[in-house]
Number of protein chains: 2
Amino acid sequence: MIVPTTSIRPARPLLRLFSTTNRLQANRAFVYSQNGSPKEVLTALTYPSLSPPPPGTLNLRYLLSPINPADLNVIEGVYPSKPSPSSFPNLSSQVFVAGNEGLAEIKDVGSGVDGLQVGDWVVATKQQVGTWASARNVQASEVLKIPRTDGLSEVNAATITVNPATAYNMLTDFVDLQPGSWVIQNGANSAVGQAVIHIAKARGLKTINLVRDRPDIDVLKQELQSMGATHVLTYEELEDKKSLKAKIQAWTGGDEIRLALNCVGGNSTTRMAGLLGQDAHIVTYGAMARAPLSLGASLFIFKNLTSHGFWVSRWYTQHGKEDRERMMSELVALMSEGKLAEPKHEILTIRREQSDEEATQAVRAVLDKMLSGQSRSKILLRIEEPNE
Amino acid sequence: MIVPTTSIRPARPLLRLFSTTNRLQANRAFVYSQNGSPKEVLTALTYPSLSPPPPGTLNLRYLLSPINPADLNVIEGVYPSKPSPSSFPNLSSQVFVAGNEGLAEIKDVGSGVDGLQVGDWVVATKQQVGTWASARNVQASEVLKIPRTDGLSEVNAATITVNPATAYNMLTDFVDLQPGSWVIQNGANSAVGQAVIHIAKARGLKTINLVRDRPDIDVLKQELQSMGATHVLTYEELEDKKSLKAKIQAWTGGDEIRLALNCVGGNSTTRMAGLLGQDAHIVTYGAMARAPLSLGASLFIFKNLTSHGFWVSRWYTQHGKEDRERMMSELVALMSEGKLAEPKHEILTIRREQSDEEATQAVRAVLDKMLSGQSRSKILLRIEEPNE
């Protein structure tokens, strides 16, 4: 269910439209012309059907595009990744198309494009290409084909490039983990945290998963364990150091934990780091507690801890086609085999009969819900081609 | 000048001596039989002249042995490195000989030892061998020859394995620095900090050096600059972020700083990390502020900062003879050319005519001074062979 649009300010007519095109206004995108609060600057825009693709490019029809938290920061202008502006034939100035992730089907292939054909599924591997749109023309080099296998849902494929890729690479790039190796993570109930649980389970890794305490904590613990979490603890359970160390010693049989994944920060992360063994690595990919990572010098000096950051955008810029394809094929295999479940999600369909004004309100309402922390599921946009 | 021995408790007779040996009591060491406060447990012990060295070993005469702060922590039992116990022919039980660093001259060479001869200078590369002694028998594989070149003083050679080695390897192991590259460090007036300034200067690196404010700050700034420091700032000068960034931008011409060396911790280190560029490394080797290292997640995620620790003891265990010899020959060359000065120091001579009781008091007094933070110079022990 999607929230009602009350209390959201009406969209101002930010975009000056030409009326000179003869083509059908057969597409819709969510765009902004300047950074600001997403619920004020983001606007639906209808635009003509695409021209045939120039050489080396593809015309795509987006099927599903997630709204990730970072997308809001990009619109606000506070995220280090910036999109390039786009032109539309019915607009007098350039605008930015929102969205970084999404699943698209190829509708038309330009000359000189190898290995891709009409009907293939692709995802963007270039950052900030603007996926909140019904149709886009893109460089063939900026997408990666996703095999349409049995068991791979649209939702799986639409959410593969950010969270599962983050989980996969954090479990691969920093420590040489072997089946039976232990990994500890906080924020274990986040989308990345759940992907870590699934991928670790499939690779035979053991996980200790930290979550916030809550009234239904036993339900959550069971839920994560049924995904494959070896153990689940609350941050509060980290506070009794002595009994905790004994507990973990009993679980691991004395094996040292050499990888910690951190999306929280603050005191509980300091305590998590204290559970690591010699020569361990802590990888930070988020800061839900909005507190810095605070680690004693002796962890670094005497235990040889190394502290890194992981940003999936950087991973894509630093890895070529071969690495990307290898990762995607492994993730697709896990998804197809049912070992990497869809994230909890809701789909917001922007219907063909909605006006741009109505579409704007619908999306702004969802963004408002996300910004106020009320949304617990991932929300994906399905943008129908609008009525003329 | 060495402090008087007032206010130090008299040594208790901790060691039970045999009286059965016929050999001369020609040596003296500082030993302890159990961990505790160094000014309570450390005791002078006279012992017989050494037997001829067994195969593969050397008899050494220690010339100068520094008292490093970590030595006190080892005696207290709170340091991660532990010495092995030693036997003496006139003692009924094993004891620990204090001291980790020192310069010795070879007095006798056992069979099967290649490349070392009587009169050579050596330093210990095994950790915690017990250097606060006039004479020891050691495995030849546990020492490294130091070439006796013009310009290399005993003090230089006696203090080469810990502080200059720490500085040298931190400038080598983490970032590929080229002449003209910038390095920032705090605690720049420490022994390691000064070695960093000297080595960086010799390698054509530029340094920004942070120190505590003090009444004679201009004198200190000039002193460090005369050693080769490119710029010196106080921690207080880090607080005005805006003018600081402009200043550093003007100094570096916009080149990014990719290596920070930290022996302080706390707020000023957080501010130091904020001055680093993309893909930088911060290396912690001390914690003078006794506060953790506190770094925002965005430094790790978006700026790809990596945070490491450096511990010279680990370096020696992880590097073989070739690496050790290469480092030492470079450090000796710098010292011989006058590019790596002796640390500020005082020498405490334990005179041959002093009784064990007097020797104990003399050393305990110095340790007490160090523990109470009154000592600003490095103190080195010169232990004369005692009178029978």
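The figures that follow rest on heavy atoms only: side chains count, while hydrogens, waters and symmetry mates do not. Below, read A as the first sequence line, B as the second, and so on, with proteins coming before strands; counting in each chain starts at 1.
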Reported [atom1]-to-[atom2] distance for the pair [X] and [Y], which is rounded to 0.5 angstrom:
X         : Y         : atom1 : atom2 : answer
Trp311(B) : Ser298(A) : CH2   : OG    : 11.0 Å
Ser294(A) : Leu295(B) : OG    : CG    : 8.5 Å
Leu305(A) : Ser307(B) : CG    : OG    : 7.5 Å
Ile301(B) : His308(A) : CD1   : NE2   : 14.0 Å

Just wondering, are more than 12 heavy atoms of other shown residues or ligands nearer than 6.0 Å to [atom1] in [X]?
X         : atom1 : result
Arg212(A) : CZ    : no
Arg271(A) : CZ    : yes
Gln318(B) : CD    : yes
Lys82(B)  : NZ    : yes

Indicate yes or no for a side-chain donor-acceptor contact from Arg314(A) to the backbone of Lys303(B) under 3.5 Å, with no hydrogens or angles considered. no
If you tally heavy-atom pairs under 4.5 Å against chain B, which of [options] wins?
options                                    : value
Ala291(A), Pro292(A), Gly296(A)            : Pro292(A)
Ala297(A), Pro80(A), Gly286(A)             : Pro80(A)
Asn304(A), Thr284(A), Thr269(A), Leu299(A) : Asn304(A)

For Phe310(A), is it the side chain, the backbone, both, or neither that has a heavy atom closer than 4.5 Å to a heavy atom of chain B? backbone
Are Tyr285(B) and Phe300(A) an aromatic pair by the rule of ring centers under 6.0 Å? no
